[in-house]
Amino acid sequence: MKILKDLINKAEDTLDEIEFYAEKAHVLRADHRHLADGYAKIGEMHITIFGILHDQMISIIEEEKKKGTEVPVAMMAVWEYSHEKLIKEFAEAKYKIEEYKKLNY
């Protein structure tokens, strides 16, 4: 299931982007508010992108199950571990963007 692996990798990259923009927004907030707000908006866009990727990952797993295809045990173990990790990291990254927004409104 190379396609699932590719989606997981892209989701991880997207989380890195959310973290980057959240960090920049917080650091620049005091001295460059307009730029910081822009970074926060870009971070929010990446949150949306992550959601789309996540939906696609879930869809692929569900499609395979509906086909009756037995997903290899090792693949499911990797998926379950990766999914749990992605969800946890997503919550943390999203929190940073939300905190920035709370500080500014």
Side-chain angles (χ1 to χ4, degrees):
M1 286 210 144
K2 182 180 178 337
I3 195 164
L4 183 60
K5 181 182 173 191
D6 290 345
L7 285 167
I8 290 169
N9 288 336
K10 194 56 175 167
E12 289 171 344
D13 292 345
T14 303
L15 287 173
D16 290 342
E17 292 293 318
I18 297 168
E19 290 278 341
F20 172 83
Y21 289 112
E23 172 91 14
K24 288 293 187 184
H26 282 280
V27 168
L28 296 170
R29 184 172 64 91
D31 296 328
H32 301 282
R33 176 71 181 270
H34 187 70
L35 179 57
D37 288 349
Y39 279 137
K41 286 179 185 176
I42 295 169
E44 287 179 307
M45 290 177 197
H46 280 83
I47 288 170
T48 300
I49 292 167
F50 180 89
I52 293 166
L53 293 169
H54 182 260
D55 290 348
Q56 294 304 312
M57 288 184 278
I58 297 295
S59 178
I60 286 170
I61 293 292
E62 292 303 316
E63 284 176 24
E64 292 301 313
K65 287 180 180 177
K66 284 180 185 176
K67 288 181 195 174
T69 305
E70 187 170 327
V71 182
V73 174
M75 169 73 66
M76 282 306 294
V78 168
W79 162 246
E80 289 169 1
Y81 170 79
S82 295
H83 186 242
E84 184 177 320
K85 183 179 172 215
L86 285 170
I87 294 303
K88 181 181 179 220
E89 291 175 5
F90 175 70
E92 292 169 0
K94 185 177 177 186
Y95 175 79
K96 290 177 183 177
I97 294 290
E98 289 171 352
E99 279 300 301
Y100 175 83
K101 287 170 48 179
K102 283 181 190 175
L103 291 171
N104 293 307
Y105 297 107

Determine the minimum heavy-atom distance between A25 and A40, stating which atoms define it. CB-N, 4.0 Å
Rounded distance (nearest 0.5 Å) linking atom NZ of K5 with atom OG of S82: 10.5 Å
Evaluate K96 against E19 for salt bridge (Lys or Arg N to Asp or Glu O under 4.0 Å), listing each step before the verdict. CA-CA 8 Å; K96 290 177 183 177; E19 290 278 341; 2.6 Å; yes
Tell me whether E98 is salt-bridged to K101, with the criterion being a basic N under 4.0 Å from an acidic carboxylate O. no
Rounded to the nearest 0.5 Å, the CG atom of D55 sits from the CD1 atom of I60 at a distance of 11.5 Å
Checking side chain to side chain contact (heavy atoms under 4.5 Å, CB included) against L53, which of T14, D13, I8 comes through? T14
Transitively linked via ILVMFWY side-chain contacts under 4.5 Å: L7 with F90? yes
dist E92:CD -> Y95:OH (nearest 0.5 Å) comes out at 11.0 Å
CD-CG distance between E23 and L28, expressed to the nearest 0.5 angstrom: 9.5 Å
Residue pair K10 / I49, side-chain heavy-atom distance below 4.5 Å: no
Any side-chain heavy-atom pair from M57 and L86 closer than 4.5 angstrom? yes
Look up atom CG in N9 and atom CG in L4, then write down how far apart they are to the nearest 0.5 Å. 9.5 Å
Could you give the distance from CD1 (I58) to NE2 (H83), rounded to the nearest 0.5 Å? 4.0 Å
Give a yes or no on whether Y39 and L15 share a hydrophobic cluster (residues Ile, Leu, Val, Met, Phe, Trp, Tyr; joining criterion: side-chain heavy atoms under 4.5 Å apart). no
For the residue pair A93 and I18, what are the closest heavy atoms and their distance? CB-CG2, 3.5 Å
Test item: F50 and E17 side chains (from C-beta on) under 4.5 Å apart, heavy atoms: no
For Y21 against I97, the heavy-atom pair lying closest together: C-CD1, 4.5 Å
Backbone of D37 reached by a side-chain donor or acceptor of Y100 within 3.5 Å: yes
Do the side-chain N and O atoms of E63 and S59 include a donor-acceptor pair separated by under 3.5 angstrom? yes
